[in-house]
Amino acid sequence: MSLSIDEQLNVLSRRCERIVPEADLRKKLQSGRKLRIKLGMDPTAPDVHLGHAVPLKVVRQFQEWGHKAVLIIGDYTARVGDPSGRNTTRPVLTGEQIDANAKTYVEQVGKILLTDPEHLEIRYNGEWFSKMGLSDVIKLLAKKTVAQMLAREDFANRYKSGVDIRLHELIYPLMQGYDSVMIDADVEMGGSDQLFNNLVGRDLQEDAGKPGQAVIVTPLLVGTDGHMKMSKSKGNYIGVTDPPSGQDGMFGKIMSLPDSLMEVYYTLLTDLPATEYKPLIAQDPRGAKIRLAKYIITWLHSAEAADAAEAEFIKVFSNKGVPDEMPEVQVSTDAQKLAPVIVKAGLASSNSEAIRKIKEGAVSLDGQKLAPTDFQKDFTFDKPTVLKLGRKFVRIVPA
RNA sequence: GGGCGUGUACCGAAGUGGUCAAACGGGACGGACUGUAAAUCCGUUGGCUCUGCCUUCGUUGGUUCGAAUCCAACCGCGCCCA
């Protein structure tokens, strides 16, 4: 349990892209104090995914060494509403939505972190921001210059390429940094895109006459598409509460990852030694993927769920079978066209799309592929029937 | 406040009076192949009561037999000047 400081830093290095400044972190670890490890989350969407899991795993590591995680829920910033992304004015979230999101956050984060009060403190930044007056805000703004803010890479890029930057976005780093001042963070965790914001926190703390936090950033996890950062809005994420199997389950999502991602996923999401997974990936990429899928499901669900998911996967995809569990739609027993049924089953968003899919040969009933002209036919469902479109299955049940 | 630009489908981007539901690329989705990988090939990518009809090219109103294309006003965005 009592690793030397060097050993601790070595453990951390697996998931840390940068530690700034490393000497400072070393000093904090040496002090023997119980450190406060800050991690901020915006409750704008209710899903925690594997991309978040990377810094969370590091936080968990700190917890196990006896330190305390401080989770900041950015309720105040969410309440203001972030209009970045020009054409989609994001609706301002209501207090209830934020509370609901925050609650599920804490639940989901609990899959990864220790949640007892000794190890976890949860704070909402509305606690201090809601009390600030304009003069306080101006004082905060005066801490930094425009040039300093524009030094941030993504601001600089947007500015250069003419994508607008709203003024409140410029002050986000300051707000986030102010959180660090208020909770006396010793260390702030984040993805590598947070480096700038986190360093602002360090500056603000020192400016306030407090010790500055050390900043640790983790690599960004690439999403299931294989090239963009995992994020909710890109739809390329694996949620920590996703079901183990099924069409949107973890097993399938992990199996469909590009091989090129295997090594990073093993490094960031498992604790297996490189000497073990590297040869595995090289020799048997498919086996490596199955092992990874089972590892992650065991971690976030259970070993039994992992076995079941594997069995299901082999049955459905390796042996082209039919899954045990699938969503059901109730449909009347009258003769009817198939397209509306496909829409009702959620496999297409319009009749036209459903008809196209039939014409493309993507649709089958009980394993019988439909002919392109079958969209004109009437079908009668007097017994349960398995409808398949692409990889997705739905059971049609007579009502 | 002034000048100059610009606004096309999920994104980028053609199209400057009819042959435009709108080229092309990316993405996405399907099919073949496979390891639900990659690569490759093929198809689809506004809606509908589907061999036809309806609605779309920032918004509204006009010109015209006919407009994404011309005119006007308005709105958004960018750059420059103040």
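Reckoned from all heavy atoms, side chains included, excluding hydrogens, waters and symmetry mates. In what follows, chains carry the letters A, B, and so on, assigned in the order in which the sequence lines appear, proteins first and then strands, with residues in each chain numbered from 1.
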Would you mind reading off the distance between [X] atom [atom1] and [N] atom [atom2], rounded to a whole angstrom?
| X | N | atom1 | atom2 | answer |
| --- | --- | --- | --- | --- |
| A:Glu310 | B:U36 | CD | C1' | 15 Å |
| A:Asp225 | B:U36 | CG | P | 20 Å |
| A:Lys234 | B:A28 | NZ | P | 13 Å |
| A:Leu370 | B:G31 | CG | P | 12 Å |
| A:Met228 | B:G26 | CE | P | 15 Å |
| A:Asp374 | B:C50 | CG | P | 16 Å |
| A:Asp259 | B:A39 | CG | P | 11 Å |
| A:Phe313 | B:G35 | CZ | P | 11 Å |

[N] pairs with which nucleotide, Watson-Crick or G-U wobble, both distances below 3.5 Å?
| N | value |
| --- | --- |
| B:G1 | B:C81 |
| B:U45 | B:G27 |
| B:A14 | none |
| B:A22 | none |
| B:C70 | B:G62 |
| B:G76 | B:U6 |
| B:C33 | none |

Q | Residue from A:Arg33, A:Lys34, A:Lys27 passing salt bridge (charged side-chain N to carboxylate O under 4.0 Å, His left out) with A:Asp186 | A | A:Arg33

Please determine, for the side chain of [X], which listed nucleotide ([options]) has the closest atom?
| X | options | value |
| --- | --- | --- |
| A:Pro285 | B:G30, B:C48, B:G35 | B:G35 |
| A:Lys357 | B:U36, B:G30, B:C50 | B:G30 |
| A:Lys289 | B:A37, B:G30, B:A32 | B:A37 |

Given the [atom1] atoms of [N] and [M], what is the spacing between them in whole Å?
| N | M | atom1 | answer |
| --- | --- | --- | --- |
| B:G52 | B:C20 | P | 15 Å |
| B:G31 | B:U36 | P | 14 Å |
| B:U34 | B:C57 | P | 46 Å |
| B:C77 | B:A82 | P | 22 Å |
| B:A9 | B:A13 | P | 11 Å |
| B:G12 | B:A67 | C1' | 25 Å |
| B:C42 | B:U51 | C1' | 24 Å |
| B:G7 | B:G58 | P | 8 Å |

I want to check one thing: is the phosphate of [N], taken as OP1 and OP2, less than 4.0 Å away from some side-chain N or O of [X]?
| X | N | value |
| --- | --- | --- |
| A:Arg356 | B:G31 | no |
| A:Asn236 | B:A28 | no |
| A:Arg391 | B:G30 | no |
| A:Ser350 | B:C48 | yes |

Q: Would you mind telling me which residue lines up with the more 5' stretch of RNA chain B, A:Asn351 or A:Gly390, judged by nearest nucleotide?
A: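 Closer to the 5' end of RNA chain B: A:Gly390.
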
(Q) Both A:Lys320 and A:Met255 contact RNA chain B. Which one's nearest nucleotide lies toward the 5' end? (A)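 Of the two residues, A:Lys320 wins.
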
Q. Given side chains that start at C-beta, do those of A:Asn197 and A:Arg152 come closer than 4.5 Å, heavy atoms only?
A. yes

Looking only at side chains, do [X] and [Y] share a donor and an acceptor under 3.5 Å apart?
| X | Y | result |
| --- | --- | --- |
| A:Gln205 | A:Ser180 | no |
| A:Arg14 | A:Thr218 | no |
| A:Gln194 | A:Gln176 | yes |
| A:Thr270 | A:Tyr265 | no |

Q. With a distance cut-off below 6.0 Å to the six-membered ring centre and an angular limit of 45° from the axis, does A:Lys278 pair with A:Tyr266 as a cation-pi contact?
A.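 Pair A:Lys278/A:Tyr266 does not count as cation-pi.
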
Q: Give A:Leu261 one of three labels, base, sugar-phosphate or nothing, depending on what nucleic acid heavy atoms sit under 4.0 Å from its own.
A: nothing

Q: Select base, sugar-phosphate, or nothing to describe what A:Gly361 touches, counting heavy atoms under 4.0 Å on all strands.
A: sugar-phosphate

Q) Taking the six-membered ring for Trp, is the centroid-to-centroid distance between A:Phe129 and A:Tyr178 below 6.0 Å? A)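 Distance test on ring centres: under 6.0 Å, yes.
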
